Amino acid sequence: QVVYNSLLSLYLDCGCFEDVIQVFDSMPHRNVVTWNSLIAGLVQRWRMFEAFEMFKKMQGEGIGFSWVTLTTILSVCARVTAFYSGKEVHVQIVKSSGKADVLVLNSLVDMYAKCGAMDYCVRVFDAMHGKDVTTWNTVLRGYAISGCMIEAIELFNEMIDTGYSPDGVTFIALLSGCSHAGLTTEGRYLFDKMRVDFGITPTLVHYACLVDLLGRAGEIKEALEIVKNMPMKPS
RNA sequence: UCCCGUUUAAUG
C-alpha cells in the first residue's frame with residue numbers, strides 16, 4: 001500500500017495528471033493517504049471544485065478522513081472563500097475524537113481569516129494550545145487582509161511579548177499590510193526592525209513589499225534607489 | 001531518518 005501511495009505521489013510531482021488518475025483507479029486498495037494525496041494534487045493544480053467533490057466521494061465511500069484531509073479541505077475553503085463549507089469542517093473537527101493537531105487548526109484559522117471572518121478566526125486562535133509561528137503569521141495576515149493594521153501590529157507585539165520569534169513570513173504580512181493601509185512610516189520602520197532587531201535577511205519578496213509601499217506613497221525616487229541597491233536582481 | 005496536509009509581495 002505504501003509503495004502504491006509513493007508511486008502516486010511520484011506521478012503527482014511529475015505533473016501528468018491523467019496518469020495520476022490512471023494510477024489511482026488501478027490501485028488494488030485505496031486508503032486515507034491515497035485519497036489525501038489525490039486531493040492535494042488537485043489543490044496544487046487549483047482544481048478546487050474537483051478537490052471538494054473528491055472529499056465528498058471519499059466520505060460517500062466510507063473511507064473517513066484524517067487531520068491531513070481536513071487540513072487540505074480547509075485550504076480549499078480558504079482559497080475559494082467558502083465560509084459555510086469551512087464552518088462545516090470546523091464542526092467535524094469539534095465532533096472528532098482526539099485533539100486536533102496544530103496544522104489542521106492553523107488551516108482552520110487561515111480559512112476564517114481568508115473569509116474575512118476575523119471574529120471566528122480570533123476565537124479559534126485564542127482557544128488554541130501549542131501555537132506556532134505559522135499560527136501567529138496566519139492571524140496577522142488575516143488582519144492585514146481585513147485592513148486592520150492596528151490590530152495586526154498589536155498582535156505582533158503580543159507575539160514578541162509571549163516569546164515567539166517572528167520569521168520572514170511575519171514581516172511579509174506586516175509590510176504588505178502597511179503598504180495597503182498607507183502606513184509608509186510604519187512600514188519603513190518595520191523593514192529596518194526586521195534586520196536590526198530580529199536579524200532576518202530580507203528576501204526579494206521583502207524588497208518587493210518595501211518598493212510597493214514606497215511606490216504607493218509616491219516616493220518613486222526612493223523606491224528606484226532600493227531596486228538599484230538591493231542585493232539581488234529584481235523580478 | 002521510507003506515502004498525504006497549514007501561513008508567503010504587487011499587478012491583472
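Order of the sequence lines fixes the chain letters, A, B, ..., with proteins taken first and strands second; residue numbering starts at 1 for each chain. Everything numeric in this text was worked out from a predicted model, so none of it was measured.
Applying the 6.0 Å contact sphere to OH of A:Y11 captures no more than 12 heavy atoms from other residues, nucleotides or ligands. By the neighbour-count criterion of 12 heavy atoms within 6.0 Å, atom OH of A:Y4 is sparsely surrounded, having that number or fewer from other residues, nucleotides or ligands. For CD of A:E225, the number of neighbouring non-hydrogen atoms (other residues, nucleotides, ligands) closer than 6.0 Å is greater than 12.
At B:U11, one or more side-chain N or O atoms of A:R216 fall inside 4.0 Å of OP1 or OP2 (strictly under the cut-off). Under 4.0 angstrom from either OP1 or OP2 of B:A9 there lies no side-chain N or O belonging to A:H180.
Within 4.0 Å of A:D101, counting heavy atoms only, lies at least one base atom of the nucleic acid. Heavy atoms of A:W67 sit under 4.0 angstrom from at least one base atom. Across all strands, A:T134 comes closer than 4.0 Å to base atoms (heavy-atom distances). Within the nucleic acid shown, A:K114 comes within 4.0 Å of sugar-phosphate atoms alone, with no base atom in reach, counting heavy atoms only. No engagement by A:V3 is indicated, since no non-hydrogen atom pair under 4.0 Å with the nucleic acid exists. Within the 4.0 angstrom heavy-atom criterion, only backbone atoms of the sugar-phosphate kind lie near A:S107; the bases stay farther away.
When each of B:C4, B:A9, B:U6 is scored by its nearest atom to the side-chain atoms of A:R79, the top-ranked nucleotide is B:U6.
Judged by distance alone with a 3.5 Å cut-off, no donor-acceptor contact links the side chain of A:T72 to the base of B:G5.
Atom CE of A:M149 and atom C1' of B:A9 are 13 Å apart (whole Å). The interatomic distance linking A:I39 (CD1) with B:C4 (C1') rounds to 10 Å, in whole Å. Atom pair A:L140:CG and B:U7:P shows a separation of 15 Å (rounding to whole Å applied). Computed from coordinates, the A:I145 CD1 to B:U8 P distance equals 7 Å when rounded to whole Å. Taking atom CG on A:L214 and atom C1' on B:A10, their separation rounds to 13 Å, with Å as the unit. Atom-to-atom, CZ of A:F125 to C1' of B:U7 comes out at 12 Å; the value is rounded to the nearest Å. Distance, A:Y112 OH to B:U6 C1': 16 Å, rounded to whole Å. Atom CG in A:L210 sits roughly 13 Å away from atom C1' in B:A10 (whole-Å rounding).
A 4.5 Å side-chain heavy-atom check between A:K57 and A:W35 finds at least one atom pair inside the cut-off. In this structure, A:L155 and A:F125 have side chains that are in contact, with non-hydrogen atoms separated by less than 4.5 Å. Proximity of A:D25 to A:I21: side-chain heavy atoms (C-beta onward) are separated by under 4.5 Å at one or more points.
Judged purely by atom type and a 3.5 angstrom limit, A:Y164 has no side-chain atom pairing as donor or acceptor with the backbone of A:E158.
Between A:F198 and A:F171, the ring-plane angle classifies as tilted under the 30° and 60° cut-offs.
Of all the residues in residues 158-179 of chain A, A:V169, A:I172, A:S176 reach under 4.0 Å from RNA chain B with at least one non-hydrogen atom.
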